[in-house]
Amino acid sequence: MKPQLKSLLLRHETALLLVVAIEWFGFNAIGPRFGTLDNNFDILRHTVEIGLLALAMTPIILTGGIDLSVGSLLGLCAILFGKLWRDAGFSPAMAGACTLAIGGVAGGLNASLITVLRLPPLIVTLGTYSLFRGLAEAITRGADTFTNFPGSFLMLGQERWLGLPTQAWVFCAVAAAIWLLVHRTTFGRSFRAIGFAPEGARYAGLPVDRRIAMVYVVGGLIAALAAIIYTARLGQAKADAGTGYELFAITAVVLGGTSIFGGVGSVHGTLLGVAAIAVLNNGLVHARQPREAAGMLTGALLLLALSASVAPKVWASWRSRHRPSPSPARSS
């Protein structure tokens, strides 16, 4: 076997692609409607928001950071979009532009606390996780719901364009942009260097703080975009929008082979992680299994992926410890 082919077959993404294929064919054999075109479009339509958050999370985790606030920010941006449209009288396009700006500012808040005050990303985003959700609850008083959006806006989340769900085109555009940024630009490749060794990256002359700040601002922008699509898909905006989405996004990224410690990972791996979770959740519905089973199996997949990523190092360490020491040469 050629070395290049062997290397490709042993990649994490190849194994995950096999898992997705096994899931799809397995559920297609169990559920009579699972393999239909309409159901696969349904999977795509219901996956876009989590997929966008996972794409936003990939550069963040590559730099060694984390963002627990993206789900809460989605909820805050969703109700702010509804409020700007209904109460401020903005058009959906203007309300959407303002919502994107708000998402960028929220991402900038995370970035400032992390890069200027040197606070740990986990603690910062845990705080803004509660802050953003609390603001959404306060603005709506936990009861206000924004509905009756115009049909021209609802097309973004409920109709098809050129045969595909409309939001799928937005998702593909964002996925292509993030992939090109991470894999085809020196700017994006520096994310791995920062994740491996931030101090080493600073000594190499990289503007580490600016690059880290940028990924959090981009994360805020994409979370706001996901909020707009979420609102268009459901036709309503509530304060609890996006609850738990940050955990699904992190799971998809790590399941896709990105190290939670930073420095290693790929955008296409993240996309496969999103696909694995989406097919599993939809397939279990068609197999008439309880929703709790999806959470358990997703957790099992994540633990398996984490174990597989460290298994070679553990095996190499075990072999080095148990390798028989050479016998001393006898003196004549």
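These figures come from a predicted structure and were not determined experimentally.
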**Report entry** Minimum side-chain heavy-atom gap Phe248-Leu53 below 4.5 Å
**Finding:** no
Query raised in the report: Atom CG in Asn282, atom NE2 in His46: separation rounded to 0.5 Å?
Result: 9.0 Å
Query raised in the report: Between atom OG1 of Thr128 and atom CG of Leu68, what is the distance when rounded to the nearest 0.5 Å?
Result: 8.0 Å
Query raised in the report: Between the main-chain N or O of Asp209 and the side-chain N or O of Arg202, is there a donor-acceptor pair closer than 3.5 Å?
Result: no
Query raised in the report: Do you know which two heavy atoms are closest between Leu100 and Leu221, and how far apart they sit?
Result: O-CD2, 3.1 Å
Query raised in the report: Are the side chains of Met94 and Leu84 in touch, meaning some heavy atoms are under 4.5 Å apart?
Result: no
Report task. Decide yes or no for Pro59 and Val218: does some side-chain heavy atom of the first lie under 4.5 Å from some side-chain heavy atom of the second? Result -> no
Requested in this report: Can you see which heavy atom on Trp169 is nearest to which on Leu162, and at what distance?
Outcome: CZ2-CB, 3.8 Å
**Report entry** Side-chain heavy atoms of Thr140 within contact of Phe146, under 4.5 Å
**Finding:** yes
Query - From Leu206 atom CG to Thr186 atom OG1, the distance as rounded to the nearest 0.5 Å - result: 9.5 Å
Query raised in the report: Does Thr166 use its side chain to pair, donor to acceptor, with the backbone of Met155 at less than 3.5 Å?
Result: yes
Query raised in the report: If two hydrophobic side chains count as joined below 4.5 Å and joins carry through other members, does Phe132 share a cluster with Leu52?
Result: yes
Query raised in the report: With a cut-off of 6.0 Å (strictly less than), are more than 12 heavy atoms of other residues, nucleotides or ligands near CG of Asp87?
Result: yes
Query raised in the report: What is the minimum heavy-atom distance between Thr243 and Asp240, and which atoms define it?
Result: OG1-O, 2.6 Å
Query - Same apolar cluster: Ile114 and Val215, side chain cutoff 4.5 Å - result: yes
Query - hydrophobic_cluster_shared for Trp161 and Phe41, side chain cutoff 4.5 Å - result: yes
Query raised in the report: For Ile139 and Leu80, which heavy atoms make the closest approach, and how far apart are they?
Result: CD1-CD2, 3.8 Å
Query raised in the report: Are the charged groups of Arg45 and Asp38 less than 4.0 angstrom apart, N to O?
Result: no
Query raised in the report: Do Leu109 and Tyr216 come close enough that some side-chain heavy atom pair is under 4.5 Å?
Result: no
Query raised in the report: Is Asn28 reaching over with its side chain to a backbone N or O of Gly35, donor-acceptor style, under 3.5 angstrom?
Result: yes
Query raised in the report: Just checking, is any N or O donor in the side chain of Asn39 or His286 under 3.5 Å from an acceptor N or O on the other one?
Result: yes
Report task. Please round to the nearest 0.5 Å and tell me the distance separating atom CG of Leu74 and atom CD1 of Ile50. Result -> 9.5 Å
Query raised in the report: On the ring face of Phe187, is Arg211 found with NZ or CZ under 6.0 Å from the centre and within 45° of the axis?
Result: yes
Report task. Step by step, work out the side-chain contact (heavy atoms from CB on, under 4.5 Å) result for Asn40 and Trp24. Result -> CA-CA 10 Å; Asn40 281 271; Trp24 194 94; 3.0 Å; yes
**Report entry** Expected output: side-chain Gln158 to main-chain Arg233 donor-acceptor under 3.5 Å
**Finding:** yes
Requested in this report: Give a yes or no on whether a salt bridge exists between Arg33 and Asp42, defined as a side-chain N under 4.0 angstrom from a carboxylate O.
Outcome: no
Report task. Would you check if Arg192 and Val182 make a side-chain contact, meaning some heavy-atom pair closer than 4.5 Å? Result -> yes
Report task. Applying side-chain contact (heavy atoms from CB on, under 4.5 Å), run through Ile66 and Ile61 and close with a yes or a no. Result -> CA-CA 6 Å; Ile66 196 76; Ile61 295 180; 4.1 Å; yes
**Report entry** CZ (Arg141) with more than 12 external heavy atoms under 6.0 Å
**Finding:** no
Query raised in the report: In terms of hydrophobic clusters joined by side-chain contacts under 4.5 Å, are Leu280 and Ile30 together?
Result: no
Query raised in the report: If you round to the nearest 0.5 Å, how far is CZ of Phe171 from CG of Leu225?
Result: 11.0 Å
Report summary line: On a heavy-atom basis, the closest approach of Ala241 and Tyr230 is CB-CE2, 3.3 Å
Report task. Any chance you could lay out the side-chain contact (heavy atoms from CB on, under 4.5 Å) test for Val279 and Phe34, step after step, and finish with the verdict? Result -> CA-CA 10 Å; Val279 171; Phe34 178 82; 3.8 Å; yes
Report task. Would you mind reporting whether Thr58 and Phe191 have side-chain heavy atoms less than 4.5 Å apart? Result -> no
Query raised in the report: Looking only at heavy atoms, which two atoms of Thr270 and Leu55 are closest? And how far apart?
Result: CG2-N, 4.3 Å
Query raised in the report: CG of Asp67 to OH of Tyr129: how many Å apart, nearest 0.5 Å?
Result: 12.5 Å
Query raised in the report: So, do Asn281 and Ile277 sit near enough that their side-chain heavy atoms are less than 4.5 Å apart?
Result: yes
Query raised in the report: Should Leu180 and Val253 be counted in the same cluster of Ile, Leu, Val, Met, Phe, Trp and Tyr side chains packed under 4.5 Å apart?
Result: no
Report task. Name the orientation class of the two ring planes belonging to Trp179 and His268 (parallel below 30°, tilted from 30 to 60°, perpendicular beyond 60°). Result -> tilted
Query raised in the report: Given Trp85, which of Phe90, Phe153, Phe149 fulfils the ring pair (Phe, Tyr, Trp, His ring centres under 6.0 Å) condition?
Result: Phe149
Query raised in the report: So, the side chain of Glu246 versus the backbone of Val70: is there a donor-acceptor pair under 3.5 Å, distance only?
Result: no
